[in-house]
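Side chains included, hydrogens not; waters and symmetry mates left out as well; all remaining heavy atoms used. For clarity, every value in this text was computed on a predicted model and none was experimentally measured. Whatever order the structure lists them in is the order used to number ligands and atoms, beginning at 1.
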Amino acid sequence: MSAPLISISDLHKSYGDINVLKGIDLDIARGEVVVIIGPSGSGKSTFLRCCNGLEKAQQGNIRICGQWLLKDGTELADSSLNELRRQVGMVFQSFNLFPHMSILGNVAVGPRKILNAPKDESEKQAVELLEKVGLSEKADVYPASLSGGQKQRVAIARALSMQPEVMLFDEPTSALDPELVGEVLQVMKTLAKEGMTMMVVTHEMSFARDVADTLVVMEDGKIVEAGPAQTIFSNPQHSRTKVLLQNL
Ligand code: ADP
Ligand code: MG
């Protein structure tokens, strides 16, 4: 067995007096798709944000791609943190596209500004990525003219432009009208099939059923159940899991 691509142990995070993460342990293999479910406020977003250094945890260890993001509660120095962030792409519920840039510009700007890629190379890659998410015909328009589903597909292409090793998705379809959810999930499915390592917080259980290797159930800052998704779907053990799966 090769070492996990992501290894998290004893992760604790609090905001002031409020303990939000109370000891998270999780190993993720290269190519694994982990779907995280849990009630609102259980710490799912905080957990993902700790995994790409957007939030500083106070205790524990996070190792990604052989690098310690957090070791015994001490975070990487900022310079190395930026380096590591490039390997961890993140897609949020709100798309956060740059409104003053064309779609192509949105997907080309990261490699240009952060990786110092030449203009023609970054644009060539952006064109390929827009093709991949089914939006090549929108390259020259601005975000305001896109639907939510299209914006989210651009956000995925933009995250991919940094050629990450891992993609984190925090409720990527929660802000979308129901009829636009499918096109975003389809792009995510394709990514998963291509072998991308993914951590996905979502309420879309059909996606979880189809795509997840591992299901993680969070409650009150802890993982209360985790394991092969199909096993948990067919035979949930924890009461919280039973409730969550019942409400489908
Ligand atoms: P989830 O994504 O599962 O809904 P979150 O990770 O967003 O949960 O939040 C977990 C808990 O942490 C909640 O009680 C929330 O109020 C609290 N929390 C999240 N972010 C902050 C913050 N920046 N400051 C204080 N409390 C926060
Ligand atoms: Mg959240």
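- Defined by atom type and a distance below 3.5 Å, a donor-acceptor pair is missing between the side-chain atoms of Glu55 and Thr46.
- For the pair Arg158 and Phe98, the cation-pi test (distance below 6.0 Å, angle within 45°) is passed.
- Closer than 4.0 angstrom to ligand 1 sit non-hydrogen atoms from Tyr15, Val20, Pro39, Ser40, Gly41, Ser42, Gly43, Lys44, Ser45, Thr46.
- Counting only protein N, O or S atoms, 1 lie closer than 2.8 Å to the Mg ion (ligand 2).
- Side-chain contact check for Ser9 and Asp25: no donor-acceptor pair (N or O, by modelled atom type) lies under 3.5 Å.
- A donor atom on one side chain and an acceptor atom on the other are not found under 3.5 Å apart for Asp140 and Ser102.
- The line from CG of Leu70 to NE2 of His12 is 11.0 Å long, rounded to the nearest 0.5 Å.
- Side-chain atoms of Gln152 and Gln93 include no donor-acceptor pair closer than 3.5 Å.
- If you run side chain to side chain donor-acceptor pair (under 3.5 Å) between Glu165 and each of Arg30, Gln87, Arg86, only Arg30 comes through.
- Taking 4.0 Å as the cut-off between side-chain N and carboxylate O, Asp210 and Lys189 count as a salt-bridged pair.
- With 3.5 Å as the limit, one finds a donor-acceptor pair spanning the side chains of Glu225 and Thr241.
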